[in-house]
Amino acid sequence: MQTETIGNGTLDTWTPQEVAEAYAKGEILLIDVRTPAEYMFEHVDGAMLAPMSFLKVKNIPDNDRRPVVFYCGSGVRSKRVATLYLEAGHDRAAHMEGGFGGWKAANLPYIGTNMATGAPEPRQP
């Protein structure tokens, strides 16, 4: 995990492997900030969808028991949302390095779309 100070808060950048391990143990809240279309096509199983364009970061409560980790397609949008989260007065925020592309590159399981049926299905790269 990489850590940097932004304003009065701390931004953590987690690797996909770190996210996967913590998520499997129920230690984090994982929020996908991509568009609904991106999410519907493929996403981390069970991740919450809160598109960046609609998200009000001030409404996300602090959660010391389960930190919030944001992710997007490449890590750019999630870093922006995490920064906004800090600017809204939270003292710590996190996002996933490389976004969903990094998740897939790390060969982690996800939900994808069966192109023949249009139905969601588990994928293990």
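All values below were derived from every heavy atom in this structure, side-chain atoms included, with hydrogens, water molecules and symmetry-related copies excluded.
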Could you walk me through whether Val19 and Ile28 pass side chain to side chain contact (heavy atoms under 4.5 Å, CB included), step by step? CA-CA 8 Å; Val19 171; Ile28 62 170; 3.9 Å; yes
Are any non-hydrogen side-chain atoms of [X] and [Y] less than 4.5 angstrom apart?
X     : Y     : value
Ile31 : Val68 : yes
Glu97 : Gln2  : yes
Asp91 : Thr10 : no

Minimal non-hydrogen separation, Leu108 against Pro16, with atom names: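 That would be CD1-O, 3.6 Å.
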Minimum-distance pair of heavy atoms, taken over all atoms of Ser78 and Cys72: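 Heavy-atom minimum between the residues: N-SG, 3.3 Å.
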Who passes side-chain contact (heavy atoms from CB on, under 4.5 Å) against Leu55, sequence neighbours left out?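 Listed in chain order: Val33, Ala50, Val57, Ile60, Phe70, Val81.
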Contacts of type side-chain hydrogen bond (donor to acceptor under 3.5 Å, both in side chains), residue [X], not counting sequence neighbours:
X     : result
Thr35 : Glu38
Glu18 : Thr15
Thr5  : none

Side-chain donor-acceptor pairs of residues 109-125 under 3.5 Å, sequence neighbours excluded:
unit_1	atom_1	unit_2	atom_2	d
Thr113	OG1	Met40	O	3.2
Thr113	OG1	Phe41	O	2.8
Asn114	OD1	Ala116	N	2.8
Asn114	OD1	Thr117	N	3.2
Asn114	ND2	Glu121	OE1	3.2
Thr117	OG1	Ala119	N	3.1
Glu121	OE2	Arg123	NE	3.0
Glu121	OE2	Arg123	NH2	3.2
Arg123	NH2	Thr113	O	2.6
Gln124	NE2	Asn107	O	3.1

Which residue pairs pass the side chain to side chain donor-acceptor pair (under 3.5 Å) test with at least one member in residues 40-60, sequence neighbours excluded?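 Passing the test, one end in residues 40-60: Glu42-Lys104.
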Quick test of your reading: applying side chain to side chain donor-acceptor pair (under 3.5 Å), list the pairs with at least one residue in residues 25-34, sequence neighbours left out, ordered by first then second residue.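 Side chain to side chain donor-acceptor pair (under 3.5 Å) check on residues 25-34 returns Asp32-Arg34, Asp32-Tyr71.
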Name all residues meeting the salt bridge (Lys or Arg N to Asp or Glu O under 4.0 Å) criterion together with Glu21; count only those two or more places apart in sequence or in a different chain, and write none if there are none.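 With sequence neighbours excluded, Glu21 shows a salt bridge (Lys or Arg N to Asp or Glu O under 4.0 Å) to no residue whatsoever.
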Which hydrophobic side chains are connected to Leu86, either touching it within the sub-4.5 Å cutoff or through other members that do?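 Under the 4.5 Å side-chain rule, Leu86 groups with Ile6, Leu11.
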Pairs where residues 1-30 contributes a residue and the test ring pair (Phe, Tyr, Trp, His ring centres under 6.0 Å) is met, not counting sequence neighbours: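 Found none.
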Could you go step by step and tell me if Thr13 and Met1 meet the side chain to side chain contact (heavy atoms under 4.5 Å, CB included) rule? CA-CA 6 Å; Thr13 301; Met1 175 185 330; 6.0 Å; no
Could you give all pairs that pass the salt bridge (charged side-chain N to carboxylate O under 4.0 Å, His left out) test and reach residues 78-89, with sequence neighbours left out?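 Passing the test, one end in residues 78-89: Glu4-Lys79.
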Identify whether Phe54 and Leu30 are in the same connected component of the hydrophobic contact network (ILVMFWY, side-chain heavy atoms under 4.5 Å).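 Phe54 does not cluster with Leu30.
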